[in-house]
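Read the structure below first, then the notes.
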Number of protein chains: 2
Amino acid sequence: MVSIKDVAKKAKVSISTVSNALNGRANVSEETRQRIIDIANDMNYYPNTMARNLKVKKTKTIAFCFSQFDRNFYFQIIKGINDCVINHGYDLIICAHHSIEKFLRNGFVDGALVNDKNVSDELILSTASKDLPIVLLDRELKGQHIYPVVVNNYLAMEQLVKELIMKGYKKFSYVSGIESTQDNIERFEGMRDTLRDHNITFLQKHYYHGDFTEISGYQAARLMMISKDIPEVVICANDDMAIGVVKAFKEMGINIPEDVSVVGFDDIELSSILEPHITTISVPKYEWGIYAATILFRVLDGERHVVPNKIIAQTKWRQTTR
Amino acid sequence: MVSIKDVAKKAKVSISTVSNALNGRANVSEETRQRIIDIANDMNYYPNTMARNLKVKKTKTIAFCFSQFDRNFYFQIIKGINDCVINHGYDLIICAHHSIEKFLRNGFVDGALVNDKNVSDELILSTASKDLPIVLLDRELKGQHIYPVVVNNYLAMEQLVKELIMKGYKKFSYVSGIESTQDNIERFEGMRDTLRDHNITFLQKHYYHGDFTEISGYQAARLMMISKDIPEVVICANDDMAIGVVKAFKEMGINIPEDVSVVGFDDIELSSILEPHITTISVPKYEWGIYAATILFRVLDGERHVVPNKIIAQTKWRQTTR
DNA sequence: TTGTATGCGTTATCAC
DNA sequence: GTGATAACGCATACAA
């Protein structure tokens, strides 16, 4: 590996002159600069990133901690983050949670975004610092140098339910995701509270327990059938379950949306590919990524009191509702 | 950021003793070792990765160059790579092509995998070295310290066509991908040669020009219709186009597979979701990732003359063929 | 305009 | 068993 020393030797100057020339500083004559640049190119010289980082304490690199490579919901988010990072002249590295200690704990990166449930709250709390602000996409955690950028589930659900009520729907059922997750809780409460505000009480028996998987939605729909409790509209905590619900109803000869309507959440790719196209709440994934990265850069640029907004999601009306 | 110096000071020993203790070397008494470890934990000390790398010239990190975050075909591959890298006690960073110079050129990583058409052949040729072997997933490039791990398109196509012929198919059409791509060429030649070997000449007029997109497949099928040239089977250079072909035929009231059969390549998720499920050549993506990373580690472990095999893909017979 | 010297945090060599 | 010290490649304050 050719180092600054090799270039200096070949150019018959000192290493500092090489450094100055290559870093565009004023204190070097134009002709020596050009000569040094040519020689450096010639020798295929690239400054050693680690040695430089060790010195300057800025890496111009952002880490994105992520390991759920099997859920393609996230890839538009990555794209947004990547684009934003590049635009700011930084580089992005994506690393799984195993690598956090290695990459985050010691100035390897200037900031991080985390979207990985495998990373514990404690790890985040103990890692975030003035030198390493962290933006969270998968949870709302309070703490110094920590900036959650999450979807406003409650508001999106509120607006959806309001519109459904306006369309005349009165009998709602809900298929939950994993109970303990914040997403599920907020989505459910958004529905329940909005119904209450419109004098519709949501009965516990219309709450079906799912776990965000298609099969759990499928089973919930069959359960509705067995208990002869088909509502006017089934609201699912995500699209996967909505797909399962639709599948079950279709198999049982129940027409959608004539006999029952179905709504999902997330707007995954499949929801507008499968027939019928599913009405769902669309999370603007690309923009989410952009915004999350933007927040990080505002912090890195020294802005005080950065308070992120929540991401606004909106209903996409499609074929599973009237 | 707490450094080894801080730990040494607190433990009232020299930094070398701290280093020795923490790195499990023999020349330090068990009690001082334990005391130092405790203090280090206590102070939340983590060795600075960059300083260490600068010294030892091994980073235990692998880079995967990739930027096509909008094609979910690749994510199973990433998962395979990631799993393999973790298993070897290394860490994986994924970086876009913009960052190659920064991360690959100067000992930031011990090896790299590249699956990014944006990275030029020249860049790869000039970057690969004894200190940085590179495994290629997206092209077959010959060169020192370069190891292509690609799919055996030709063989897969040969086997597919043989079976189709055995099933009685005689009239074949081909919808091409982008002409210049190696994938397209190999897939086409695999078909053409196999037909020839079975005394079936493939006429140029049955070659339809596509570009790997769904719409180009759709248009090719309409063109077949207009020219009244519906074959017994349409072989597409990838699944996206096969999906387009199927869509067009369905719209035109042509029955699949009764009137015409359709075959794709890749086995993307959609091919077994949309109705009818598409017969296609399945690329074992996860295993591909595992194998590519394995090749890299064999090189890193000092094995001489590593010669990668090609990835074997196999036909998945589904509903679009008889 | 150019060169010398120092230090970033670590590991390794070699005294003690 | 322990501690100075050099070196990794670079940037920079300061001397020339």
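Labels below follow one simple rule: chain letters A, B, ... track the order of the sequence lines, proteins then strands, and each chain is numbered from 1.
Between the side chains of B:S29 and B:T32, at least one donor N or O lies within less than 3.5 Å of an accepting N or O. For B:T59 and B:D110, the side-chain atoms include at least one donor-acceptor pair closer than 3.5 Å. At a cut-off of 3.5 Å, with distance as the only test, a side-chain donor of A:T61 or B:K102 sits close to an acceptor on the other residue. In this model, a donor atom of one side chain and an acceptor atom of the other lie less than 3.5 Å apart for B:S126 and B:R105. B:T17 and B:S14 share a side-chain donor-acceptor pair at under 3.5 Å. Side-chain atoms of B:N238 and B:D266 form no donor-acceptor pair, as typed in the model, at a separation below 3.5 Å.
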Kindly give the atom pairs (protein nitrogen or oxygen, nucleotide nitrogen or oxygen) under 3.5 Å for nucleotides 12-15 of chain D.
| from | atom 1 | to | atom 2 | distance (Å) |
| --- | --- | --- | --- | --- |
| D:dT12 | OP2 | A:R25 | NH1 | 3.3 |
| D:dT12 | OP2 | A:R25 | NH2 | 3.1 |

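In this structure, the CZ atom of A:F108 is 14 Å from the C1' atom of C:dG9, given to the nearest Å. Taking atom CG of A:L54 as the reference point, atom P of C:dT6 lies 18 Å away to the nearest angstrom. The distance between atom CG of A:N53 and atom C1' of C:dG9, rounded to the nearest whole Å, is 13 Å. With rounding to whole Å, A:R105 atom CZ is found 18 Å from C:dG9 atom C1'. Following rounding to the nearest Å, B:K58 (NZ) and C:dT11 (P) show an atom-to-atom distance of 16 Å. Rounding to whole angstrom units, CD of residue A:Q34 and C1' of C:dT1 are separated by 17 Å. Distance A:N48 CG to C:dG9 C1': 14 Å, rounded to the nearest Å. Taking atom CG of residue B:L22 and atom P of nucleotide C:dT11, one finds them 8 Å apart after rounding to whole Å.
In terms of position along DNA chain D, the nucleotide closest to B:A26 lies nearer the 5' end than the nucleotide closest to the other residue of the pair A:Y45 and B:A26. Nucleotides of DNA chain D nearest to B:A51 and B:V13 differ in position, and the one nearer the 5' end is that of B:V13.
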| task | Apply side-chain contact (heavy atoms from CB on, under 4.5 Å) to A:V13 and A:R35, showing your working. | result | CA-CA 11 Å; A:V13 292; A:R35 198 167 56 85; 3.9 Å; yes
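Side chain of B:T32, nearest nucleotide from C:dT10, D:dC10, D:dT2: D:dT2. Distance from the side chain of B:S29 is smallest to D:dG1 among D:dC8, D:dC10, D:dG1.
Annotation: proximity of residues 1-12 of chain A to DNA chain D (heavy atom, distance under 4.0 Å) is found for A:S3, A:I4, A:K5, numbered in ascending order.
Ring centroids of B:F75 and A:F69 are separated by 6.0 Å or more, keeping the two rings apart. Here B:F108 and A:F108 bring their ring centres to under 6.0 angstrom of each other.
Not one side-chain nitrogen or oxygen of A:Y46 sits closer than 4.0 Å to the OP1 or OP2 atom of D:dC10. Applying the 4.0 Å criterion to OP1 and OP2 of D:dA11, one finds that A:K57 has every side-chain N and O outside that range.
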